[in-house]
Number of protein chains: 2
Amino acid sequence: MKRFSAQRQAVLEAVSSTKCHPTADWVYDEVRKIIPKVSLGTVYRNLADLKAEGNIIGFTDSSGVEHFDATTLPHLHFQCTECGKVIDVPGVFVNTDANEALNQLDTEVCGALFLYFGKCSECKNIN
Amino acid sequence: MKRFSAQRQAVLEAVSSTKCHPTADWVYDEVRKIIPKVSLGTVYRNLADLKAEGNIIGFTDSSGVEHFDATTLPHLHFQCTECGKVIDVPGVFVNTDANEALNQLDTEVCGALFLYFGKCSECKNIN
DNA sequence: ATTGCTAATAGGAACTATTACTGTTAAAAA
DNA sequence: TTTTTAACAGTAATAGTTCCTATTAGCAAT
């Protein structure tokens with residue numbers, strides 16, 4: 001049934017190979033090193049499929065660009081407003097007050113995005 | 001110096017008039033009811049200016065579209081993945097564990113986006 | 001091996017939200 | 001009034017993403 005093509009494998013390996021929370025474009029460049037004729041559409045589709053299957057996660061940053069991450073365990077992200085870099089915020093637990101409030105709103109929560117922004121250690125010291 | 005034009009006022013009033021967390025497009029439609037010849041570029045520029053001045057806040061949803069909000073006090077948002085609607089999650093305090101972790105990363109935090117998603121009470125009961 | 005079926009592909013067009021550019025208008029300053 | 005300049009309308013351009021069409025490649029049953 002499900003066919004794990006060379007393209008899909010290359011996409012998954014590209015995302016897994018880095019901690020830089022890559023964008024579709026970065027993955028495209030990376031996959032082209034292995035499969036030079038790969039299509040950008042194929043990269044997008046495979047990223048979407050891998051995300052739907054739960055093999056990777058994806059989140060949209062404050063400028064509307066989607067980033068992907070092979071670490072599917074829940075964690076927070078920080079994005080530098082200067083250089084755009086996204087890094088992990090480790091070991092943080094989110095309080096559960098929200099769950100109560102969301103229950104009261106009669107919603108069915110299936111995910112959450114927690115994204116901090118500011119200046120990273122490098123950009124902070126430049127300006 | 002700063003000129004508070006009719007266009008800017010209409011933009012601010014449009015955002016303030018609703019709790020629906022409108023997009024630039026919604027604001028554009030609303031402002032055109034008052035100033036039919038207003039330009040979409042003007043709406044975008046004024047939204048950006050009002051945001052920079054702190055009169056409104058803006059946040060990007062999971063599909064990369066920016067939403068605006070005249071309630072500048074910190075609060076959380078929930079977006080329905082079915083109908084796209086954004087609603088407030090009231091009375092939730094965010095724990096401070098993240099601050100420690102972010103300090104250890106030597107970052108200078110200036111904001112955060114907390115966005116839950118799932119099905120709202122209406123869409124939940126349809127499917 | 002050949003056929004038929006379907007998933008997956010390459011390539012590119014199309015779409016959407018947003019930004020940038022180019023005169024023009026109108027408010028404030030001189 | 002004249003000058004200056006912020007803000008404007010209208011439009012072109014951009015970036016990220018999705019959609020479309022013809023083609024290719026893997027699998028199952030003949």
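Within every chain, numbering begins at 1; the chains are lettered A, B, ... in the order of the sequence lines, protein sequences first and strands thereafter. Just so you know, these numbers come straight off a predicted model, no measurement behind them.
A salt bridge does not link A:Lys19 to A:Asp88: none of the charged side-chain nitrogens sits closer than 4.0 Å to a carboxylate oxygen.
Distances shorter than 4.0 Å separate none of the side-chain N or O atoms of A:Ser5 from OP1 or OP2 on C:dA7. Put simply, A:Lys37 has a side-chain N or O that comes within less than 4.0 Å of OP1 or OP2 on C:dG11.
Residues passing the ring pair (Phe, Tyr, Trp, His ring centres under 6.0 Å) test with B:Tyr28, sequence neighbours excluded: none. Legend: residues meeting side chain to side chain contact (heavy atoms under 4.5 Å, CB included) with B:Cys83, ordered by chain and number and at least two apart, are B:Cys80, B:Lys85, B:Cys120, B:Cys123. With sequence neighbours excluded, the residues that form a salt bridge (Lys or Arg N to Asp or Glu O under 4.0 Å) with B:Lys33 are B:Glu30. Applying the side chain to side chain contact (heavy atoms under 4.5 Å, CB included) criterion to A:Thr42, with sequence neighbours excluded, gives A:Gln7, A:Val38, A:Ser39, A:Arg45, A:Asn46. Legend: residues meeting salt bridge (Lys or Arg N to Asp or Glu O under 4.0 Å) with B:Asp49, ordered by chain and number and at least two apart, are B:Arg8.
When each of D:dA9, C:dG11, C:dT9 is scored by its nearest atom to the side-chain atoms of A:Ser39, the top-ranked nucleotide is C:dG11. With D:dC8, C:dT9, D:dA9 as the choices, the nucleotide that has an atom nearest any side-chain atom of A:Arg45 turns out to be C:dT9. Taking every side-chain heavy atom of B:Arg8 into account, D:dA7 is the closest of C:dA10, D:dA7, C:dT9. Set against D:dC8, D:dG10, C:dT9, the side chain of B:Thr42 has D:dC8 as its closest nucleotide.
We find that CD of A:Gln7 is positioned 10 Å from P of D:dA25, with the value rounded to whole Å. Protein atom NZ of B:Lys51 is 14 Å distant from nucleotide atom C1' of C:dT19, rounded to whole Å. The distance from atom CG of B:Leu12 to atom P of D:dA7 is 15 Å, rounded to the nearest whole Å. At whole-Å resolution of the value, OH in A:Tyr28 and P in C:dT9 are 14 Å apart. Summarising the geometry, the separation between CD1 on A:Ile35 and C1' on C:dG11 is reported as 16 Å, rounded to the nearest angstrom. B:Trp26 places its CH2 atom 16 Å from the P atom of C:dA17, with the value rounded to the nearest Å. Rounded to whole Å, atom P of C:dT9 lies 16 Å from atom CZ of A:Arg32. The interatomic distance linking B:Phe4 (CZ) with C:dA28 (C1') rounds to 17 Å, in whole Å.
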Write down the protein N/O and nucleotide N/O pairs, taken from nucleotides 14-18 of chain D, whose separation is under 3.5 Å; answer none if there are no such pairs.
from: D:dT17; atom 1: OP1; to: A:Glu66; atom 2: N; distance (Å): 2.9
from: D:dT17; atom 1: OP2; to: A:Tyr44; atom 2: OH; distance (Å): 2.7
from: D:dT17; atom 1: O5'; to: A:Tyr44; atom 2: OH; distance (Å): 3.3

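Checking B:Asp61 against B:His21 by side-chain atom types alone, no donor-acceptor pair falls below 3.5 Å.
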